[in-house]
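The structure appears right after this line, and notes come after that.
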Amino acid sequence: MSQDIRIKKGLTIKLTGDAEKFISDAALSKVFAIKPTDLLGVTPKLAVRVGDKVKAGDVLFYSKAEESIKVLAPVSGEILKIERGAKRKILTVQISTDATIEYIDFGAKNPKDLSSDEVKTQLLAGGCWPFIQQRPYDVMANPNEAPKAIFVSAHDTAPLAGDVAFSLENQKEAFQAGITALSKMTTGKVHLAVCGKSVSFLNDVKDVSILKVTGKHPAGNVGVQIHHVNPINQGERVWTVNPQDVAVIGNLFLTGKFEPKRVVALVGSQVKSPKYFKMLQGANLETLLTKNIELDNSRVINGNVLTGTQVTVDGYLDFKSTTISVIPEGNHHTMFGWMPFTGGKKFSMYRSALSFLSPNKKYTLDTNLNGEERAFVMTGEMEKVLPMDILPMHLLKAAMVGDIEKMEALGIYEVAPEDFALIDYSSSSKIEAQQIIRTALDIMVKEVG
Amino acid sequence: MGLNKIMEKYRPLFRKGGKYEKFAPAFNGIDTFLFVPNHTTKMGSHVRDAVDLKRVMIIVVLALLPAMFFGMWNIGYQHFSQLGEATPFMDMMLYGAIKFLPMLLISYGVGLGIEFAFAIYRGHDINEGYLVTGMLIPLIMPVDLPLWMLAIAVIFAVIIGKEAFGGTGMNILNPALVARAFAFFSYAPSMSGDKVWVADASTVDAISGETILGQLAAGADTSATSVMDMFMGYMPGSIGETSVLMILIGAALLIFTGIGSWRIMVAGVIGAAVTGLLFNALGLNALMEFPWWQHLLVGGFAFGIVFMATDPVTAAQTNTGKWIYGFLIGFFAIMVRVFNGAYPEGMMMAILLMNVFAPYIDHYVVQANVKRRLKRLKTA
């Protein structure tokens with residue numbers, strides 16, 4: 001069974017530095033780190049101390065609010081350091097890696113034969129719960145709730161995003177097992193979004209309803225797909241899982257091991273030869289980056305250029321990240337840079353730069369803001385990049401003043417910051433829309449829950 | 001670059017803790033005009049579109065240029081043709097420039113002066129909005145308006161029309177139209193009648209210095225002006241409003257770049273055409289009989305719908321709202337023209353009226369969106 005979703009609005013930003021379809025093995029990092037800050041809605045309660053020996057699959061920390069949610073060590077080794085920030089907030093839990101990884105055995109099980117409670121127990125014990133994200137609010141799912149549907153988007157339309165089907169090429173069985181496991185968690189359907197223009201093994205995955213998605217970014221965002229297939233109303237829950245995490249879940253059931261494998265696309269104009277790398281969640285990036293990128297004047301981003309977070313060259317792969325983007329910093333003055341129709345290197349959604357003449361050209365964009373923040377002036381530009389029946393400007397204004405009733409009425413339950421990333425990008429007033437939406441969602445979690 | 005080095009020397013003086021910190025908005029206004037600053041993204045999307053408000057406003061100014069240059073020429077043309085003198089093109093341009101450029105200078109000088117003062121007083125950056133407003137104001141004035149009246153109108157528009165509400169982005173009424181309305185009601189003899197539209201008309205004892213709409217309102221015969229003249233703009237009127245052709249060039253640029261709302265423009269033309277057709281069908285007097293499509297060519301309709309009604313701050317903000325807003329502007333503009341003899345031109349009134357009602361239109365569009373969501377909840 002399949003359903004077509006055609007998205008007309010949006011904007012595909014074509015950047016230089018696409019990943020070549022080639023997977024290298026990245027050397028096993030000497031240090032791994034898990035960052036509790038990657039997990040929204042979780043306050044960590046540590047289970048380890050510096051100097052403790054851990055196996056891959058040992059608990060590093062629990063969620064304080066829900067102790068059944070565990071975050072596990074991706075590798076075996078010794079706890080090297082627990083880094084804390086202001087108010088003793090835990091920033092990273094670092095592990096120095098053993099030469100060969102030892103695993104905890106959670107017991108291989110066939111998800112087909114399990115009840116939904118048994119699947120849930122295995123997911124919680126096997127450290128895979130944190131991969132399940134909940135809409136509304138874009139926070140980690142609550143194990144005590146049941147979703148009306150689960151969405152997995154295997155079609156990433158973000159700039160320079162890796163090809164999902166290609167990165168899962170060697171994980172077909174694990175992916176299927178993961179999907180089957182997830183299908184036990186909901187009375188509704190598991191929806192798997194695939195690229196509507198190409199056919200891969202993903203089209204033949206069972207226990208799902210296939211969504212064939214075509215259109216510009218953000219067509220690949222789960223939020224957009226949910227909006228068009230099964231929109232979220234007040235009080236409802238929908239869960240989402242990233243495709244590579246589905247494979248990790250599948251592996252937990254097939255092998256009994258927690259092995260957060262990643263095929264990471266190292267992309268961007270500052271990368272010498274962009275391609276895919278096999279590594280594990282939380283890997284230190286220093287060796288990989290010093291070998292493969294221009295270190296001078298670069299910004300390294302965990303994730304894509306629209307929604308990712310900046311990371312230092314000696315930083316770590318984020319909890320869920322499967323893309324590392326490296327682009328030039330834009331720390332420069334440009335004389336009369338506002339002059340329209342000049343500078344062939346500029347890209348604009350408005351036909352105010354020459355980019356409209358060459359729609360297929362790839363651009364090397366840097367991190368310059370290209371202007372300064374201003375009050376809202378232009379209207380209609382946000383609507384062009386948000387393919388939902390939501391009035392983005394009015395929702396943002398309600399969010400800015402924290403008006404809960406208005407936000408509810410205008411559709412705050414359906415959106416996540418990533419859905420507003422293109423509004424960040426295209427805003428002529430340089431509005432920080434993702435930040436506004438995240439703050440608003442935090443208020444909603446607190447006040448409505 | 002040499003200039004950047006010079007600016008780099010002075011930038012620290014205006015930063016926080018610098019000697020002239022207080023004047024930072026003024027310095028930054030000039031600095032960021034010369035150089036797009038080196039600010040990089042700190043949160044959210046790491047890359048940003050090349051567009052910013054400077055770019056947006058400059059495109060609108062570019063779109064105004066054809067109408068402005070034609071307006072300058074037309075000042076000369078109207079003046080010399082009234083005298084019955086055959087005059088070379090350049091002389092007409094020169095005459096027009098001498099008349100127009102002081103108005104432009106006053107408008108920008110006074111307006112930007114106030115903007116800078118407010119920015120320094122309030123400690124916020126200078127918004128680019130006045131780049132367009134400052135150009136619009138002289139273009140919608142009659143050529144013989146005394147400069148001091150222009151200056152007072154600008155002061156009123158910027159302080160009461162804009163800054164009182166919080167500056168660009170917060171104002172309810174289009175500031176340029178506030179300036180015109182202020183001048184219109186305060187200095188009516190200099191803003192209407194048959195002496196003001198042609199430069200030095202009173203001294204040359206003009207025979208037909210009245211606008212088409214003025215002639216219509218007075219029940220005079222307008223057949224002296226051909227349709228082609230109306231389209232090309234060879235007629236008296238406010239400086240920038242006469243040439244539909246030049247305005248269309250501007251409209252094309254605005255629509256092509258995506259800066260101006262085509263929805264408002266199209267809806268406005270439909271609104272005016274429908275209303276004009278209705279009156280043509282009734283045909284009770286000369287005003288009603290004036291062909292509907294000629295309504296689109298004369299007076300300030302074209303200029304207003306392309307450059308004034310589309311001001312995003314004061315227009316309706318939702319896409320559906322823009323259709324309604326534009327349509328009603330067209331409707332009211334023709335209504336005022338036909339029914340109100342005291343105001344031969346209805347465009348200014350129509351846009352200001354709809355500026356006031358734009359939030360109301362949006363309110364209903366937003367409510368419709370909310371209701372769709374609630375309905376889904378009930379059926380789910």
Side-chain angles (χ1 to χ4, degrees), chain A residues 13 159 231 233-234 299 301 305-308 310 327 329-340 346-353 365-372 374-380 383 389-391 393-394 409-411 421-422 424-430 432-435, chain B residues 1 3-4 7-8 28 31-59 62 125 127-129 166-170 256-259 261 263 312-313 315-319 322 362 365-366 369-370 372-374 376-377 380:
Chain A
I13 306 166
N233 300 304
Q234 190 184 349
R299 177 178 295 196
I301 300 156
V305 294
L306 290 177
T307 60
Q310 190 175 354
I327 56 171
E329 282 286 3
N331 181 12
H332 53 75
H333 288 88
T334 319
M335 196 173 197
F336 301 126
W338 41 264
M339 194 76 88
K346 289 196 176 119
F347 180 74
S348 178
M349 182 176 85
Y350 287 97
R351 291 198 192 91
S352 75
L365 299 187
D366 61 31
T367 63
N368 194 288
L369 203 52
N370 292 323
E372 293 178 293
R374 291 285 185 268
F376 284 116
V377 168
M378 295 301 286
T379 58
E383 283 82 352
D389 183 20
I390 278 177
L391 298 166
M393 191 160 172
H394 293 82
L410 292 168
L422 276 173
D424 270 7
Y425 167 81
S426 60
S427 169
S428 55
S429 295
K430 311 295 172 187
E432 300 291 353
Q434 294 191 84
Q435 181 70 26
Chain B
M1 204 173 294
L3 188 56
N4 194 20
M7 295 305 279
E8 199 57 70
N28 291 344
D31 187 20
T32 59
F33 178 78
L34 292 171
F35 296 97
V36 170
N38 60 346
H39 302 168
T40 53
T41 51
K42 295 278 178 277
M43 50 177 145
S45 175
H46 296 268
V47 292
R48 297 299 166 102
D49 199 278
V51 80
D52 68 342
L53 280 189
K54 283 197 178 62
R55 200 170 257 257
V56 167
M57 297 301 172
I58 289 294
I59 286 176
L62 284 180
D125 283 328
N127 200 303
E128 291 77 6
T168 304
M170 321 290 178
F256 177 75
T257 52
I259 302 286
S261 168
R263 289 182 180 87
V313 174
Q317 300 180 343
T318 54
N319 284 342
K322 282 173 185 165
D362 277 335
V365 175
V366 172
N369 179 284
V370 169
R372 276 201 295 282
R373 202 162 291 111
L374 284 176
R376 197 177 70 199
L377 183 62

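A note on names: the letters A, B, ... follow the listed sequences, proteins ahead of strands, and every chain is numbered from 1.
- Note that OG1 of A/Thr379 is 8.5 Å distant from CG of B/Asp362, once rounded to the nearest 0.5 Å.
- Atom-to-atom distance recorded for A/Ser428:OG and B/Ile259:CD1 is 7.5 Å, nearest 0.5 angstrom.
- For a residue to count as touching a neighbouring chain, one of its non-hydrogen atoms must lie under 4.5 Å from one of that chain's; by this rule B/Met7 does not touch chain A.
- Minimum heavy-atom separation, A/Leu410 to B/Arg373: C-NH1, 3.1 Å.
- Put simply, CD on B/Gln317 and CD on A/Glu383 are 9.0 Å apart, with the number rounded to the nearest 0.5 Å.
- Listed by chain and number, the residues in a ring pair (Phe, Tyr, Trp, His ring centres under 6.0 Å) with A/Phe347 are A/Tyr363 (sequence neighbours excluded).
- A distance of 9.0 Å separates CG of A/Asp366 from OG1 of B/Thr40, quoted to the nearest 0.5 Å.
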Please walk me through it: do A/Phe336 and B/Phe35 pass side-chain contact (heavy atoms from CB on, under 4.5 Å)?
CA-CA 5 Å; A/Phe336 301 126; B/Phe35 296 97; over 6 Å; no
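- Interface residue A/Met378: backbone and side-chain heavy atoms are both found under 4.5 Å from chain B.
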Between B/Asp125 and A/Arg374, does a side-chain contact (heavy atoms from CB on, under 4.5 Å) hold up when you go through it step by step?
CA-CA 8 Å; B/Asp125 283 328; A/Arg374 291 285 185 268; 3.5 Å; yes
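- With chain B as the partner, the residue from A/Ala421, A/Ala375, A/Ser352 showing the most heavy-atom pairs under 4.5 Å is A/Ser352.
- With chain A as partner, the option from B/Gly44, B/Ala315, B/Gly167, B/Ala316 having the largest number of non-hydrogen pairs under 4.5 angstrom is B/Gly44.
- A donor-acceptor contact under 3.5 angstrom links the side chains of A/Asp389 and B/Asn369, judged on distance only.
- Distance check: A/Leu369 CG to B/Arg48 CZ gives 5.5 Å after rounding to the nearest 0.5 Å.
- No other option in B/Gly258, B/Ala50, B/Gly169 has as many heavy-atom pairs under 4.5 Å with chain A as B/Ala50.
- Taking every heavy atom of both residues into account, A/His333 and B/Pro37 meet most closely at CD2-CA, 3.8 Å.
- To the nearest 0.5 Å, atoms CG (A/Leu365) and OG (B/Ser45) are separated by 9.5 Å.
- Considering only residues two or more places apart in sequence or on other chains, A/Asp424 meets the side-chain hydrogen bond (donor to acceptor under 3.5 Å, both in side chains) condition with A/Gln434.
- Heavy atoms closer than 4.5 Å to chain B are found in the side chain of A/Ile301, but not in its backbone.
- Only the backbone of A/His332 comes within less than 4.5 Å of a heavy atom of chain B; no side-chain atom from C-beta onward does.
- For chain A, the nearby parts of B/Val313 are the backbone and the side chain; heavy atoms of each come within less than 4.5 Å.
- Contact check for A/Pro340 versus B/Thr257: no side-chain heavy atoms found under the 4.5 Å cut-off.
- Taking all atoms of both residues into account, the shortest heavy-atom contact from A/Glu432 to B/Met43 is OE1-O, 3.3 Å.
- Neither side chain, A/Ser348 nor B/Arg55, offers a donor N or O lying under 3.5 Å from an acceptor on the other.
- For chain B, the nearby part of A/Phe376 is the backbone; its heavy atoms alone come within less than 4.5 Å.
- Chain B forms more heavy-atom pairs under 4.5 Å with one residue of A/Gly330, A/Ala433, A/Ser427 than with any other, namely A/Gly330.
- Using a 4.5 Å cut-off between heavy atoms, A/Leu422 does not touch chain B at all.
- With a 4.5 angstrom heavy-atom cutoff, B/Arg372 touches chain A only via side-chain atoms.
- Options B/Thr318, B/Asp49, B/Val47 differ in how many heavy-atom pairs under 4.5 Å they form with chain A, and the most are formed by B/Asp49.
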Run the numbers on B/His39 and A/Lys430 for side-chain contact (heavy atoms from CB on, under 4.5 Å), then give the verdict.
CA-CA 11 Å; B/His39 302 168; A/Lys430 311 295 172 187; over 6 Å; no
Determine, step by step, whether B/Val51 and A/Met349 satisfy the side-chain contact (heavy atoms from CB on, under 4.5 Å) criterion, reporting the C-alpha distance in whole Å, the side-chain angles of both residues, the deciding distance to 0.1 Å, and the verdict.
CA-CA 8 Å; B/Val51 80; A/Met349 182 176 85; over 6 Å; no
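- With a threshold of 4.5 angstrom between heavy atoms, A/Ala409 approaches chain B through its backbone and through its side chain.
- Checked options B/Asn127, B/Asp52, B/Val36, B/Thr32; the residue passing with A/Glu372 is B/Thr32 (criterion: side chain to side chain contact (heavy atoms under 4.5 Å, CB included)).
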